[in-house]
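In what follows, chains are A, B, ... by sequence order, proteins preceding strands, each numbered from 1. As the structure is a prediction and not an experimental result, all values here were calculated from the model.
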Amino acid sequence: MGPAPVSLPAMALPRQSEDFPAWYQEVVKQADMAEPSLARGTMVIKPYGWAIWEVIQRAIDDRIKATGHQNYYFPMFIPAHLLEKEKEHVEGFAPEVAVVTHAGGEKLEEPLVVRPTSETIIWHTYAKWIQSYRDLPLLYNQWANIVRWELRPRLFLRTTEFLWQEGHTAHETAEEAIHEARKVLHEVYLDAVERVLAMPVRAGRKSPSERFAGAEETYTMEALMRDRKALQAGTSHYLGQNFAKAYGVKFLGRDGQEHFAYATSWGVSTRLIGGVIMTHGDDKGLRLPPALAPIQVVVVPIYRAEDEKALVLEAAAKIAAELTPLRVHVDDRAEFRPGYKFNEWELKGVPVRIELGPRDLDAGQVTLARRDVEGKQACPVPEVTARITALMDEVQDSLFRQAVEFRDAHTFRANDYGELAKLVDDPGGFVVGGWCGDAECEAKVKADTKATIRYLPLDPEPAEGDCLVCGRRATEEAAWAVAY
RNA sequence: CGGGACGUGGCGCAGUUUGGUAGCGCGCAGCGUUCGGGACGCUGAGGUCGCGGGUUCAAAUCCCGCCGUCCCGACCA
């Protein structure tokens with residue numbers, strides 16, 4: 001639970017450095033983003049959390065469309081037998097699948113699986129949609145909820161039901177599909193996450209053991225949280241012909257021959273919200289980058305007597321109006337004093353605060369406070385719009401830079417196994433070093449240290465050193481970390 | 001799903017050892033004074049003590065069973 005001093009109001013947060021999980025839970029709760037719901041592992045996303053998700057959705061969706069994809073929607077129930085056609089896929093997902101066995105007051109003839117992901121039903125359907133190379137590529141995406149039974153849920157990071165988008169594309173050639181998977185990783189995910197969420201990520205490939213069940217190659221973007229644990233922020237898969245073969249998706253090619261289609265799938269989820277919290281948050285609570293913040297600027301009016309109140313509120317309304325189209329909120333609640341409001345908006349991560357009181361009015365200025373750095377500054381009223389507009393970019397850049405510096409300061413090179421084991425634990429972070437490609441070496445690291453390979457180079461270069469684990473020739477460099 | 005801890009007004013807790021009137025802080029409602037970094041006073045509302053069974057004149061308290069939450073492990077976006 002952390003210290004939670006009795007003398008302070010209930011809002012006081014545990015310190016990040018003392019109890020990071022408790023800090024995270026309290027931020028989610030006190031910033032009013034989400035709360036656990038009745039069924040184990042499920043959550044209610046509250047309006048403030050949902051507003052953040054809407055901005056994320058917009059950022060991702062715009063880029064999905066800009067890269068030539070269309071949205072559609074598939075049902076959440078999948079006949080159980082469909083799931084079983086792709087062997088690795090079903091084995092990978094079996095432990096976390098929820099199955100509906102009864103409905104309409106009777107036992108179902110065939111159980112229905114609640115989708116843990118939609119490859120099966122989608123590729124079953126694609127078999128009907130694809131006849132010729134002229135039907136390709138298929139570039140589609142859906143926004144959906146999915147269910148993966150979770151034994152140890154955490155709000156946003158790991159819940160039994162979660163929201164995401166899943167893209168499912170079909171292609172004529174392997175090269176084209178691989179290109180698609182990489183393109184989405186960079187032009188949709190990496191771009192949105194770094195530019196909007198200000199969350200720095202490293203793009204790479206997953207090792208075979210960390211691959212999506214049924215994929216030939218899984219591309220990932222990995223972020224580093226402030227407790228020095230890695231977070232898989234999004235994945236994009238090259239599925240080869242595995243699903244086409246399992247579901248009979250054949251087309252007549254340019255050569256007059258039948259071919260199986262090549263597939264990709266890719267997704268990001270509400271987990272990104274957890275990533276934002278743990279990338280930027282500090283001991284005062286959330287810190288949101290302006291591009292993501294539902295409220296970009298909050299105006300806190302300060303007044304004593306009624307006549308003062310009228311003047312201040314009028315000035316506040318005028319400033320707010322001039323800041324359009326920025327997302328501005330004037331906090332004119334009478335039941336709280338200014339100091340309380342400062343703390344509350346800092347907890348909720350609003351990037352810029354304008355304080356406006358009698359002293360400011362007299363001086364023809366407002367007082368500005370940025371969430372990304374300490375301190376306040378005065379700003380003459382005529383310059384407010386220009387200054388705030390500039391601050392949106394400044395705070396956005398500043399939060400991204402702080403996160404990059406933290407990440408880079410916690411990325412290490414290990415020269416031997418002892419260093420690897422030491423560094424992933426203390427201080428923690430990404431630890432890079434040679435790997436021979438053997439799953440046994442990977443498993444040994446996990447057993448010894450809890451760290452897993454988070455990413456491998458997108459385009460491996462000829463290895464120079466030896467495998468950190470077994471000493472044999474390394475085939476490529478791996479980045480290890482303890483992960484969420 | 002295994003090991004451990006814990007379930008008492010909305011939140012955080014005391015009370016359980018030794019059975020007997022449910023209590024504190026925060027929050028909430030009304031009124032008043034306040035208002036530049038988490039205000040204060042007065043008044044008030046709110047609890048089948050996780051659920052079910054048992055022991056007893058009497059159970060938050062003792063016994064049995066179940067459910068849930070959190071932490072640690074195996075699985076995961």
Side-chain angles (χ1 to χ4, degrees), chain A residues 1-14 19 21-22 25-26 29-30 35-41 91-97 116-117 144-154 156-166 189 206 209-210 212-213 218 220-223 231-237 265-275 284-285 300-306 308-309 312 332-347 353-363 366-367 369 374-376 378 446-447 450 452 483-484:
Chain A
M1 286 298 102
V6 189
S7 57
L8 280 181
M11 254 184 200
L13 285 173
D19 190 343
Q25 245 184 299
E26 283 300 307
K29 177 176 156 188
Q30 293 184 26
E35 63 185 39
S37 189
L38 272 178
R40 182 185 163 75
E91 283 174 4
F93 278 101
E96 38 187 338
V97 164
T117 178
N145 60 337
I146 60 177
V147 167
R148 295 180 187 176
W149 215 249
E150 276 303 336
L151 304 175
R152 205 175 156 188
R154 271 142 105 11
F156 290 121
L157 298 173
R158 199 187 292 119
T159 47
T160 282
E161 180 192 8
F162 61 94
L163 307 181
W164 76 345
Q165 56 68 218
E166 47 179 320
Y189 294 159
K206 283 295 186 187
S209 74
E210 297 275 331
F212 175 76
T218 288
T220 181
M221 55 174 180
E222 297 282 323
L231 183 78
Q232 181 172 305
T235 49
S236 181
H237 316 287
S265 70
W266 25 275
V268 295
S269 74
T270 36
R271 167 178 267 196
L272 284 175
I273 298 173
K284 290 179 175 176
V300 178
I302 299 158
Y303 50 79
R304 293 182 297 257
E306 281 299 314
E308 233 171 47
K309 175 179 177 179
V312 168
D332 59 0
R333 291 175 298 175
E335 62 268 37
F336 298 111
R337 297 156 99 229
Y340 180 93
K341 294 178 182 177
F342 297 165
N343 284 288
E344 179 173 321
W345 293 115
E346 282 166 4
L347 173 62
R353 179 175 74 239
I354 300 178
E355 301 173 13
L356 185 59
R359 292 210 299 265
D360 294 303
L361 287 188
D362 289 346
V366 301
T367 302
E374 294 292 325
K376 303 184 189 185
K446 188 175 181 184
K450 314 255 180 262
T452 48
Y484 273 93

**Request:** Write down the distance between CD (Glu346(A)) and C1' (G36(B)), rounded to a whole number of angstrom.
**Result:** 14 Å
**Item:** Between G25(B) and U43(B) - P atom distance, rounded Å
**Value:** 13 Å
**Message:** Rounded to whole Å, how long is the line connecting atom CD of Glu150(A) with atom P of C76(B)?
**Reply:** 10 Å
**Message:** Using a 6.0 Å distance limit plus a 45 degree cone around the ring axis, check whether Arg271(A) lies over the aromatic ring of Phe162(A).
**Reply:** no
**Message:** Apply salt bridge (charged side-chain N to carboxylate O under 4.0 Å, His left out) to residues Glu355(A) and Lys341(A) and explain how you reach the verdict.
**Reply:** CA-CA 10 Å; Glu355(A) 301 173 13; Lys341(A) 294 178 182 177; over 6 Å; no
**Request:** Rounded to the nearest angstrom, tell me the gap between atom CG in Asn343(A) and atom P in C35(B).
**Result:** 18 Å
**Item:** Integer angstrom distance from the C1' of A60(B) to that of A22(B)
**Value:** 8 Å
**Asked** How close or far is atom P of A77(B) from atom CZ of Arg271(A), stated in whole angstroms?
**Response** 7 Å
**Separation between the P atoms of C49(B) and G73(B), rounded to whole Å** = 36 Å
**From His237(A) atom NE2 to Thr117(A) atom OG1, the distance as rounded to the nearest 0.5 Å** = 7.5 Å
**Watson-Crick/G-U partner (both atom distances under 3.5 Å) of U33(B)** = A39(B)
**Request:** Look at the side chain of Phe336(A) and decide which nucleotide, out of G37(B), G73(B), C28(B), has an atom nearest to it.
**Result:** C28(B)
**Prompt:** C1(B) pairs with which nucleotide, Watson-Crick or G-U wobble, both distances below 3.5 Å?
**Reply:** G73(B)
**Message:** Nearest 0.5 angstrom please: Thr160(A) OG1 to Leu151(A) CG, how far?
**Reply:** 8.0 Å
**Message:** Once you apply a heavy-atom cut-off of 4.0 Å, does Gly357(A) come out as touching a base, just sugar-phosphate, or nothing?
**Reply:** base
**Asked** If we take the C1' atom in both G44(B) and G27(B), what is their distance in whole Å?
**Response** 14 Å
**Asked** Rounded to the nearest 0.5 Å, how far apart are CG of Asn145(A) and OG of Ser269(A)?
**Response** 12.5 Å
**Request:** Please state the P separation for the pair C26(B) and C40(B) - nearest whole angstrom.
**Result:** 8 Å
**Request:** Scan Thr159(A) against the nucleic acid and name what it touches under 4.0 Å (heavy atoms): base, sugar-phosphate only, or nothing.
**Result:** base
**Item:** Comparing Glu96(A) and Pro358(A) on RNA chain B - which has the more 5′ nearest nucleotide
**Value:** Pro358(A)
**Asked** Checking all strands, does Thr270(A) fall into the base, sugar-phosphate, or nothing category for heavy-atom contacts under 4.0 angstrom?
**Response** nothing
**Message:** Donor-acceptor check, side chain of Tyr189(A) to backbone of Gly267(A), threshold 3.5 angstrom: yes or no?
**Reply:** yes
**Request:** Confirm from the modelled atom types if Arg304(A) and G36(B) form a donor-acceptor pair under 3.5 Å, side chain to base only.
**Result:** no
**Prompt:** Across all strands, who's sitting opposite G44(B) as a Watson-Crick or G-U wobble pair, both distances under 3.5 Å?
**Reply:** C28(B)
**Message:** Can you see if the side chain of Arg337(A) gets near the phosphate of G37(B) - specifically, an N or O under 4.0 Å from OP1 or OP2?
**Reply:** no
**Fill in**
pair_partner(C62(B)), Watson-Crick or wobble, both distances < 3.5 Å, evaluates to G54(B)
**Prompt:** What distance, rounded to whole Å, do you find between the two C1' atoms, one in C13(B) and one in C66(B)?
**Reply:** 26 Å
**Asked** What does Arg333(A) touch in the nucleic acid at a heavy-atom separation under 4.0 angstrom: a base, only the sugar-phosphate, or nothing?
**Response** nothing
**Item:** Watson-Crick or G-U wobble mate for G7(B), both contacts under 3.5 Å
**Value:** C67(B)
**Below 4.0 Å: OP1/OP2 of C76(B) and any side-chain N or O of Arg158(A)** = no
**Request:** Output the distance between atom CZ (Arg148(A)) and atom CZ (Arg158(A)), rounded to the nearest 0.5 Å.
**Result:** 12.5 Å
**Prompt:** So, does the side chain of Lys376(A) form a donor-acceptor pair with the base of G37(B) at under 3.5 Å?
**Reply:** yes
**Asked** Roughly, in whole Å, what's the span from CD in Glu26(A) to P in C70(B)?
**Response** 13 Å
**Separation of G37(B) C1' from Glu355(A) CD (nearest whole Å)** = 8 Å
**Request:** Write down the distance separating the C1' atoms in C76(B) and A59(B), rounded off to the nearest Å.
**Result:** 44 Å
**Message:** What's Tyr303(A) touching, base or sugar-phosphate or nothing? Going by heavy atoms closer than 4.0 Å.
**Reply:** base
**Message:** Using a heavy-atom cut-off of 4.0 Å across all strands, would you classify Ile146(A) as base, sugar-phosphate, or nothing?
**Reply:** nothing
**Message:** Checking contacts here: which listed nucleotide (C76(B), A74(B), C35(B)) is nearest the side-chain heavy atoms of Lys450(A)?
**Reply:** A74(B)
**Prompt:** Choosing from G36(B), G73(B), C71(B), which nucleotide comes nearest the side chain of Asp360(A)?
**Reply:** G36(B)
**Pairwise P distance for C1(B) and C24(B), with rounding to whole Å** = 41 Å
**Request:** Mind running salt bridge (charged side-chain N to carboxylate O under 4.0 Å, His left out) on Arg333(A) and Glu344(A) for me, showing each step along the way?
**Result:** CA-CA 12 Å; Arg333(A) 291 175 298 175; Glu344(A) 179 173 321; 3.4 Å; yes
**Fill in**
Considering only heavy side-chain atoms of Ser269(A), the closest of C28(B), A77(B), G36(B) is A77(B)
**Prompt:** Counting only N and O atoms by type, is there a donor-acceptor contact under 3.5 Å from the side chain of Thr220(A) to the main-chain atoms of Lys206(A)?
**Reply:** no
**Prompt:** What nucleic acid atoms does Lys309(A) come within less than 4.0 Å of, heavy atoms only: base, sugar-phosphate, or nothing?
**Reply:** nothing
**Message:** I want to confirm an ordering. Mapping Glu335(A) and Pro153(A) to their closest nucleotides on RNA chain B, which one lands closer to the 5' end?
**Reply:** Glu335(A)
**For atom CG of Asp19(A) and atom P of G12(B), their distance in whole Å** = 15 Å
**Message:** Is there aromatic stacking of Phe162(A) on A77(B) here, judged by a ring-centre distance under 5.5 Å and a plane angle under 30°?
**Reply:** yes
**Request:** Find the distance Glu344(A):CD to A39(B):P and express it as a whole number of Å.
**Result:** 12 Å
**Message:** Taking 4.0 Å as the cut-off, does a side-chain nitrogen or oxygen of Lys206(A) come that near to OP1 or OP2 on C76(B)?
**Reply:** no
**Request:** Under 4.0 Å between any heavy atoms, over every strand shown, what does Lys446(A) touch: base, sugar-phosphate, or nothing? Just pick one.
**Result:** sugar-phosphate
